[in-house]
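Working notes, beginning with the structure itself.
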Amino acid sequence: MYSLPTDDFRQYINGELVSGRGRTTQIRCPGNGEPVAQVALATKEQAQQALEAARDAFPGWSALTLEERGAWMMKLRDAIQHESENLLNLLMLESGKLRSHAAFETGSLTGYLSFFLEQAKSEHTQGIRDAAGGKNMFLAVREPVGVVVAALAWNFPMHNLATKLGPILASGCTAVIKPATKTPLSTLYFGEILHRIGFPKGVINFVAGDAREIGTTLCESPTPAMITMIGST
């Protein structure tokens, strides 16, 4: 029998844990059909608040040196390792995964934070020779694009989060991340971890809500510079 680390799953917006103001949904374990927890979903107004928080946090976060951002990423990595069993239990309960499969996902969180931080350290600039044969050199400088909206799929909640979170943080971007409404528990609990370590406000925001309720708000807003999703028809 696996236990929940909390029964109060809240949205994470601008560094604060807030109750969703939308409808309440029942999360059930696909393995046995048993109810796991209830979640009050976010509204479009809360999605807009998350976008504004990410927008306002971008100048400060992107201005940090890579070493400063990296220190926060490693602090988060250590906190995830400390909470790995809780994340693992939540992932198994909401998705019905085998423990070994769920462990692969939770392991991605720490591994990808380290991996993308090292990638960022080695890919600041790129020199390109003049294709016309002249003596000029062109310099490509990689810079953060701004706010990223990321939608996660239901079948790999933590692995999807890992592949988004690592490059977003390392590059100096900020984000609003929307988990699937079928599997929001581990992602929302991740917000508790960010809150507990005092991660800079607004850099990462989690809003779990109906796609029809908040998806349009997130995707039609002029705030995001990039929208990334994992899913299918």
Side-chain angles (χ1 to χ4, degrees), residues 5 9-13 20 25 27-31 36-37 39 41-42 47 50-51 54 73 76-77 79-81 83-117 119-120 145 147-171 173-194 199 203-215 217-219 224-233:
F9 293 92
R10 289 175 285 175
Q11 315 294 322
Y12 179 66
I13 301 172
T25 186
I27 307 301
R28 293 182 177 272
C29 176
V36 177
V39 175
L41 298 177
L51 286 170
M73 291 174 70
L76 178 58
R77 181 199 62 185
I80 294 168
Q81 290 175 332
E83 293 278 357
S84 60
E85 195 67 20
N86 287 330
L87 289 169
L88 187 63
N89 289 346
L90 287 170
L91 186 55
M92 287 189 291
L93 288 169
E94 68 181 346
S95 68
K97 289 179 181 288
L98 296 173
R99 184 180 179 86
S100 58
H101 199 176
F104 154 74
E105 288 205 52
T106 55
S108 296
L109 287 169
T110 53
Y112 279 43
L113 284 171
S114 299
F115 173 80
F116 282 107
L117 177 58
Q119 286 292 104
V145 295
V147 176
V148 178
V149 163
L152 311 180
W154 60 269
N155 55 345
F156 287 94
M158 290 290 93
H159 184 61
N160 284 179
L161 177 60
T163 60
K164 307 292 188 190
L165 196 64
I168 286 170
L169 292 177
S171 66
C173 292
T174 57
V176 177
I177 298 176
K178 178 194 174 300
T181 51
K182 289 183 178 180
T183 54
L185 302 183
S186 54
T187 306
L188 293 180
Y189 187 71
F190 199 94
E192 288 203 29
I193 298 174
L194 289 164
F199 205 85
V203 173
I204 298 295
N205 304 270
F206 293 122
V207 285
D210 289 319
R212 292 180 180 180
E213 172 72 13
I214 70 172
T217 299
L218 295 175
C219 293
M226 177 184 291
I227 297 173
T228 171
M229 61 87 67
I230 298 175
S232 66
T233 55

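Atom CZ in R99 sits 6.5 Å away from atom CG in N89 (nearest 0.5 Å). The SG atom of C173 sits 12.0 Å away from atom CG of L165, with the distance rounded to the nearest 0.5 Å. Rounded to the nearest 0.5 angstrom, T181 OG1 and L41 CG are separated by 7.0 Å. T106 contributes atom OG1, which lies 8.5 Å from atom CD of E85 (distance to the nearest 0.5 angstrom). Distance CZ/F104 to CG/L98: 13.5 Å, rounded to 0.5 Å.
In this structure the side chain of E192 never reaches within 4.5 angstrom of the side chain of E83, judged on heavy atoms. F116 places none of its side-chain heavy atoms less than 4.5 Å from the side chain of I168. For the pair L93/L185, no side-chain contact is recorded, criterion being any heavy-atom separation below 4.5 Å from C-beta on. The shortest distance between side-chain heavy atoms of K164 and I230 falls below 4.5 Å. With a 4.5 Å cut-off on side-chain heavy atoms, L90 and P5 count as touching. Here the side chains of L194 and I204 are in contact, with some heavy-atom distance below 4.5 Å. Proximity of N86 to I193: side-chain heavy atoms (C-beta onward) are nowhere separated by under 4.5 Å.
Of the possible polar contacts, none joining the K178 side chain to the V149 backbone as a donor-acceptor pair under 3.5 Å is found. Side-chain N or O atoms of N205 include none that pairs as donor or acceptor with a backbone N or O of I177 at under 3.5 Å. Under a 3.5 Å cut-off, the side chain of Q11 and the backbone N or O of A208 do form a donor-acceptor pair.
Across all non-hydrogen atoms, the minimal contact from T174 to A54 is OG1-O, 2.8 Å. Minimum interatomic distance between L91 and S186 (heavy atoms only, all atoms of both residues): CD1-OG, 4.2 Å. Nearest approach of T110 to G107, heavy atoms of both residues: OG1-O, 3.1 Å. V207 and A42 get closest at one heavy-atom pair: CB-CB, 4.1 Å. Taking each heavy atom of Y12 and F199 in turn, the nearest pair found is OH-O, 4.2 Å. Residues L218 and I227 share a closest heavy-atom pair of O-CD1, 4.5 Å.
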Could you go through residues 152-160 and list every donor-acceptor pair under 3.5 Å that involves a side-chain atom there, pairing it with any protein atom two or more places apart or in another chain?
| residue | atom | partner | partner atom | Å |
| --- | --- | --- | --- | --- |
| H159 | ND1 | S108 | OG | 2.9 |
| N160 | OD1 | A153 | N | 2.9 |
| N160 | ND2 | F156 | O | 3.4 |

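Only one option out of V39, V36, I27 pairs with E94 in a side-chain contact (heavy atoms from CB on, under 4.5 Å); it is I27.
In this structure, S84 has no side chain to side chain contact (heavy atoms under 4.5 Å, CB included) partners at least two apart in sequence or on a different chain.
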